[in-house]
Each structure stands twice: as C-alpha cells, then as structure tokens.
Amino acid sequence: MNCEVCQLKELEVQSYEIREVLRCILHTIMFHRALGLVQPKDVDLQLFDITYVQCGDIELEKKIDEKIDQFISWVEKHPNKKSQVCLSFYEVKNNKAICFSNKVERLHWEHWYINLNVFQHPKAHSSQSHQSKVVDLGETSSDEERARGAALEASLNEVLLQIIKFVNEKKDHIPAIPRREGISFPYDVTIPSSSDNTFGMDMIKRMLQTGRPTMLG
C-alpha cells in the first residue's frame with residue numbers, strides 16, 4: 001500500500017502557545033480527512049487572528065485534547081527542545097494467515113509530521129492575545145515579542161495552506177471508506193515518549209516501514 005508523508009513546516013512556539021497551535025493543525029487535518037456527515041464548527045484562536053474548522057465531534061475533540069495534554073507534559077520535562085507530533089491514518093484488516101488469533105493489521109496510508117521548536121521565555125507571562133500579552137522586559141522587548149507573534153501567525157497560516165494543498169493533491173492513496181462508526185478513518189497521534197531516543201527511533205521506523213502492516217494485540 002502506498003503511504004504518503006507530509007512534513008509540515010517547523011514552527012517556533014513558546015510553551016503557552018502549544019495548545020492552540022496543535023488544536024488548529026490537528027483539527028484542520030481531521031476535518032479534511034473526515035468521513036460522512038460532520039457538523040462544521042468555526043473556532044477563533046485567542047492568540048492569533050486565525051479561524052479554523054473542527055468537525056463538531058465531542059469525542060474527537062476529547063481525544064485530541066488528551067494527546068495535547070500529554071505532549072505539554074512532555075515539553076515541561078524537556079524544555080527548549082525541538083519535537084514532533086505525528087498524526088497517522090490507517091486501515092484495519094484481520095490477519096487471516098494467523099489461525100486462532102485476534103491480531104489485526106494496521107496498514108498506515110498517511111503520516112502527518114507536525115514539527116515544533118518549543119522554547120520558554122524566562123520572563124514572559126501569557127494572557128489572551130499577543131497584543132495584550134504581559135511581558136516585563138521593557139518596550140523594546142515587547143515590540144520584539146509582538147513581531148515574533150506576528151511571524152508565528154504568518155507561519156501557522158502557511159502550515160494551514162500546506163495542509164490544504166496536500167489534501168487536494170494527494171488523493172489516490174486514500175483507501176475505501178471503512179465500515180465503521182465515527183466521523184474519521186482510524187487514526188493515532190504519536191507524541192515523544194519519556195525517552196527522546198525512543199521517540200526518534202519510532203519515527204525512523206515509521207519512515208522505513210511506510211505502508212507495512214503493524215501487528216496489534
């Protein structure tokens with residue numbers, strides 16, 4: 001099976017911006033890969049002048065928020081590091097070759113790599129927007145922070161356009177719609193583990209094994 005990979009542009013974010021940035025990107029991808037009927041919901045970001053669309057599914061929102069919470073916890077333990085979040089779509093097929101087994105195959109057909117360079121400004125305190133953000137570093141540093149926020153907003157818009165371009169150009173690899181409940185293809189979100197090396201090796205294996213089945217118990 002052909003598996004497409006999209007490496008999204010790296011974004012430099014402060015820790016307080018992670019949640020909104022990841023919600024925006026993950027929900028945008030999920031909306032463009034949604035199945036059947038959805039209830040589109042416009043969401044305005046608080047930190048940026050950007051509106052994105054969610055599928056309007058409570059369970060999906062819950063699962064994405066859980067993964068974001070896990071990623072933020074990882075960032076708190078590994079500050080000022082580059083990292084990746086991987087959203088993958090796959091097919092689920094029973095392995096008929098294995099008798100008396102409940103194992104199934106995950107046949108991945110698409111990987112989205114969200115690349116973040118997370119840093120924490122030692123004296124920055126977040127509020128509702130970059131315009132009203134309190135920074136006790138003087139007028140010059142405040143101007144620099146506003147410029148950084150504007151640059152991140154522009155980069156995030158580029159990522160959203162990158163997603164739209166990818167989904168419009170890459171269609172032949174998408175499998176038949178599965179017979180299952182839910183608004184999306186089966187998917188998983190991979191975040192760094194407690195060991196940087198473990199996550200790095202997992203990402204390399206995904207790249208090398210693109211399209212190969214993964215056995216699940």
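Since the model is a prediction, treat every value here as computed from it, not as a measurement. Numbering of residues begins at 1 and proceeds along the displayed sequence.
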| request: Only counting residues at least two apart or in another chain, list the ones meeting side-chain hydrogen bond (donor to acceptor under 3.5 Å, both in side chains) with Asp69. | output: Arg19
| said: For Leu45 and Cys24: C-alpha separation, side-chain torsions, deciding distance, then whether side-chain contact (heavy atoms from CB on, under 4.5 Å) applies. | reply: CA-CA 8 Å; Leu45 295 183; Cys24 179; 4.3 Å; yes
| said: Minimum heavy-atom separation for Leu60 and Tyr187, please, with both atom names. | reply: CD1-OH, 3.2 Å
| field | Asp49 atom CG, over 12 foreign heavy atoms within 6.0 Å | value | no
| Check ion pair Lys62-Asp65 (N to O, under 4.0 angstrom) | no
| query | How far does CD of Gln162 sit from OG of Ser155, to the nearest 0.5 angstrom? | reply | 11.0 Å
| field | Set of residues satisfying side-chain hydrogen bond (donor to acceptor under 3.5 Å, both in side chains) with respect to Asn157, sequence neighbours excluded | value | none
| request: Decide yes or no for Asn117 and Leu11: does some side-chain heavy atom of the first lie under 4.5 Å from some side-chain heavy atom of the second? | output: no
| task | With the side chain counted from C-beta on, respond yes when Pro79 and Phe119 share a heavy-atom pair under 4.5 Å apart, and no when they do not. | result | no
| query | Does Gln46 offer a backbone N or O that forms a donor-acceptor pair with the side chain of Glu20 under 3.5 Å? | reply | yes
| Glu110 side, atom CD; Arg33 side, atom CZ - distance, nearest 0.5 Å | 4.0 Å
| message | So Asn80 and Val118, do their side chains get closer than 4.5 Å, heavy atoms only? | response | no
| message | Is it the case that the side chain of Lys9 and the backbone of Val159 share a donor-acceptor pair, with hydrogens and angles ignored and the cut-off at 3.5 Å? | response | no
| query | Does some side-chain heavy atom of Leu107 sit less than 4.5 Å from a side-chain heavy atom of Tyr90? | reply | no
| task | With the side chain counted from C-beta on, respond yes when Val13 and Ile18 share a heavy-atom pair under 4.5 Å apart, and no when they do not. | result | yes
| said: Just by distance, no angles: are the side chains of Glu76 and Trp74 close enough, under 3.5 Å, to form a donor-acceptor pair? | reply: no
| Where Asn115 and Leu8 come nearest, the two heavy atoms and their spacing | ND2-O, 2.8 Å
| query | Looking at CZ of Phe31 and OG of Ser184, how far apart are the two atoms once the value is rounded to the nearest 0.5 Å? | reply | 13.5 Å
| said: Before you tell me yes or no, could you show the steps for Ile25 and Leu87 under side-chain contact (heavy atoms from CB on, under 4.5 Å), namely the whole-Å CA-CA distance, both residues' side-chain angles and the distance that decides it to 0.1 Å? | reply: CA-CA 10 Å; Ile25 295 174; Leu87 170 59; over 6 Å; no
| field | Those residues that, when tested against Lys170, pass side chain to side chain contact (heavy atoms under 4.5 Å, CB included) (two or more places apart) | value | Glu4, Phe166, His173
| What is the minimum heavy-atom distance between Trp109 and Glu91, and which atoms define it? | CD1-N, 3.8 Å
| request: Take Ile183 and Leu35 through the test side-chain contact (heavy atoms from CB on, under 4.5 Å) and record every step on the way to the result. | output: CA-CA 5 Å; Ile183 64 169; Leu35 302 171; 5.7 Å; no
| task | Spell out, as yes or no, whether a donor-acceptor pair under 3.5 Å connects the side chain of Asp42 to the backbone of Val53. | result | no
| message | Are Tyr16 and Leu47 packed together at the side-chain level, in the sense that at least one heavy-atom pair is separated by less than 4.5 angstrom? | response | yes
| request: Return yes if a side-chain donor-acceptor contact under 3.5 Å exists between His111 and Ser88, otherwise no. | output: yes
| note | Note: Gln84 and Phe71 closest approach over all heavy atoms is O-CE1, 4.4 Å
| With a cut-off of 6.0 Å (strictly less than), are more than 12 heavy atoms of other residues, nucleotides or ligands near CG of Asp172? | no
| query | Does a side-chain heavy-atom distance below 4.5 Å link Glu153 with Ile50? | reply | yes
| query | Checking side-chain contact (heavy atoms from CB on, under 4.5 Å) for the pair Arg106/Asp188: CA distance, chi angles, key distance, verdict? | reply | CA-CA 11 Å; Arg106 280 190 179 184; Asp188 54 37; 2.8 Å; yes
| request: Mind listing the closest non-hydrogen atom pair of Cys55 and Val38 along with its distance? | output: O-CB, 3.7 Å
| task | Look at the side chain of Glu12 and the backbone N and O of Arg148, then say whether any donor-acceptor pair between them is shorter than 3.5 Å. | result | no
| message | How long is the straight-line distance from CD of Glu17 back to CZ of Phe48, given to the nearest 0.5 Å? | response | 4.5 Å
| task | Check whether the side chains of Gln14 and Glu145 place a donor and an acceptor atom closer than 3.5 Å, and report yes or no. | result | yes
| task | Rounded to the nearest 0.5 Å, what's the gap from CD1 on Ile191 to CD1 on Ile72? Could you check? | result | 10.0 Å
| Has Lys67 got more than 12 heavy atoms of other residues, nucleotides or ligands less than 6.0 Å from its NZ? | yes
| Nearest 0.5 Å, what's the CZ-CD1 distance between Arg23 and Ile64? | 9.5 Å
| request: Please tell me if the side chains of Phe89 and Ile174 come closer than 4.5 Å, counting only heavy atoms from C-beta onward. | output: no
| query | Which atoms form the tightest heavy-atom contact between Ile164 and Val167, and what is the distance? | reply | O-CG2, 3.1 Å
